[in-house]
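First the proteins, then the strands, lettered A, B, ... as listed; each starts at 1.
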There are 2 protein chains.
Amino acid sequence: VAIRTFKAFVGIDVGGTFTKMAAVTEAGRVRLEEKLPSQVEAGPASFVDRVSGVVERWIEQGLRPLGAGLGLAGDVDSRRGELRFTPNLGGWDGFPFKRALERRLKTRVVVDNDANAAVWGGYVAELKRKPRDVVGITLGTGVGGGLVLGGRLHRGATGSAGEIGHTKVAPGGELCHCGGRGCLEAYAGSYGILRLAKRLLEKDGSRGRRLLEISGGADKLEPAHLSKAADAGDPIAQEVWVETGRKLAVGLENLILVLNPDVVLILGGVSRAGRWLLDPIEAHLAAQPFRTAFSRARVKMADNPNAGCVGAALLAKEA
Amino acid sequence: VAIRTFKAFVGIDVGGTFTKMAAVTEAGRVRLEEKLPSQVEAGPASFVDRVSGVVERWIEQGLRPLGAGLGLAGDVDSRRGELRFTPNLGGWDGFPFKRALERRLKTRVVVDNDANAAVWGGYVAELKRKPRDVVGITLGTGVGGGLVLGGRLHRGATGSAGEIGHTKVAPGGELCHCGGRGCLEAYAGSYGILRLAKRLLEKDGSRGRRLLEISGGADKLEPAHLSKAADAGDPIAQEVWVETGRKLAVGLENLILVLNPDVVLILGGVSRAGRWLLDPIEAHLAAQPFRTAFSRARVKMADNPNAGCVGAALLAKEA
């Protein structure tokens, strides 16, 4: 029997631990999905071989690739299609991803920063009216970002734009994974959030009894436990979210002053904390003297776990 | 005898004290110039009457206006051609500048923020190779800014983009004229610079003997005195510039991380401090871990007193 074929873009979102893949139609519909371990230590050639294997299996199932997009964590040279620098995908810098994937898959490949891909995915999937100017921020272990200006991704002079996570919200403050001090990521990245929670638990564990019950101990603490415990009334969990929201608010305040966006889109797992995070942000932004810009910018949280791979696929469509 | 006519755009740059006007040819050449008191307290209708009088005199001298651009200090609604909010041009908000000037001058009028106009003027006049992405910052009593992205002025969702002076470089720090704390302007605006100098003089005036000689007393201190005294080896003047440069560097660091520009262009009178200001900025930016973006961005100082009115004229050309 003849199989039914369909045209779609392939999106590949590479994280330090897992890689997500999706086949996305021109209309933005996800037709096929796959999650596989990234196995960073096995090297980039092995990675290209494994994701290509998935695409080849999809082709047997009827996929006719229109192009592919690859989102990588790090400083990406989009033109050459490789990583210039990456703290999370050690040893993958300098590998010719674009060339290797194009040769193997016989389709056009676009390589971009993973946060750019996720923000583009969030822009296309979450914002129905397509505002012109959107600042996107991705919350995870690290904090990334991307800018949609005039309805298009703004990549900057070297493709490095959108490093929102390393703007300083408390110059000289907490240590960040990048080596700097006071970066937004050092507070709003999951390691920064957990660092604060553990510090508060050490100071007065009795305030965090509910939190410790939920997590099963301070050493097992995850951001999801903090969301649950905050909802259950735990004072430490609530304090952590308010403090995190305040630091995010300072970062967003700077972005709104500079870019005057229609929408600020917060993406990623931490956005599950919902109102706990959004309340201090909205309070801070409402208190700004520059009324026009701040009353225009809507802050929206989206918890779309596929934004990265859908966005990577749709960036291939844009190219 | 017949007068020789010439075509040009009229640029009008309104400051709290003085207004500068220029007739600028399509090629960017300044044909006529004028400086007049703004007389803010006389109201916007009187202002429109006086600048129109200048243009009418220029027309008698041969000017054939191709359009006019007006740069106003404050939050400008470009579409309506009026000020929404202005701390420095009290009572001028809500006045229909675009309509009033178009009716009187019978030419198309563009109204924009004065810093946008100055940055556009600096972009066109100072940067020969026309880089695509430029962040411009204007240093004066206040600190303004403008963004040229993809070779065009980025105005944002409500025309309020580029408020670089109110991004926070020391959250919770020094009081700013906007009412906030820790804004870049509170350190790098001339009032912030003088506040620091006076504080250091109060603490130990003997370190600022040369500075006090040059200024003729702490109460007469101006930024120009600080430049002169720094060159003459005055320790307080040098400390003030280094400290100001450090705060500017934090603001620029954030902008480079977010926008990844080709050039950062610093405009305005304070830029006379030249190397005293530039050295701590370059040292700070060179120490950043995000090599690609920071090695790409060149920091350039330009001391073009006509950038505002030339830029306003050239914005009329763009429209």
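- Residues of residues 162-175 of chain A that come within less than 4.5 angstrom of chain B, heavy atom to heavy atom, are Gly162(A), Glu163(A), Ile164(A), His166(A), Thr167(A), Lys168(A), Val169(A), Pro171(A) in numerical order.
- Contacts of Asp262(A) with chain B are made by both backbone and side-chain atoms, with heavy-atom separations under 4.5 Å.
- Interface remark: Arg296(B) contributes side-chain atoms only to the contact with chain A (heavy atom separation under 4.5 Å).
- Among the candidates Val250(B), Ile256(B), Leu147(B), the residue making the largest number of heavy-atom pairs closer than 4.5 Å to chain A is Leu147(B).
- In this structure, Phe95(A) has its ring center at least 6.0 angstrom away from the ring center of Trp92(A).
- For a residue to count as touching a neighbouring chain, one of its non-hydrogen atoms must lie under 4.5 Å from one of that chain's; by this rule Arg291(B) does not touch chain A.
- Under the 3.5 Å distance criterion, with hydrogens and angles disregarded, a donor-acceptor pair is assigned to the side chains of Thr292(B) and Asp75(A).
- Side-chain contact check for Tyr187(A) and Glu243(A): no donor-acceptor pair (N or O, by modelled atom type) lies under 3.5 Å.
- Other residues, nucleotides and ligands place no more than 12 heavy atoms under 6.0 Å from the CZ atom of Arg99(A).
- Between Glu82(B) and the choices Arg84(B), Arg79(B), Arg80(B), the salt bridge (charged side-chain N to carboxylate O under 4.0 Å, His left out) rule is met once, by Arg80(B).
- The aromatic rings of Phe85(A) and Phe290(B) sit perpendicular, their planes meeting at an angle over 60°, well past the 30° parallel limit.
- Per-residue counts of heavy-atom pairs under 4.5 Å with chain A were compared for Asp133(B), Leu259(B), Thr158(B); the largest is that of Thr158(B).
- A side chain to side chain contact (heavy atoms under 4.5 Å, CB included) with Leu248(A) is found for exactly one of Val143(A), Leu139(A), Val299(A), Leu278(A), namely Leu139(A).
- Annotation: the span from Lys203(B) atom NZ to Arg199(B) atom CZ amounts to 9.5 Å, rounded to 0.5 Å.
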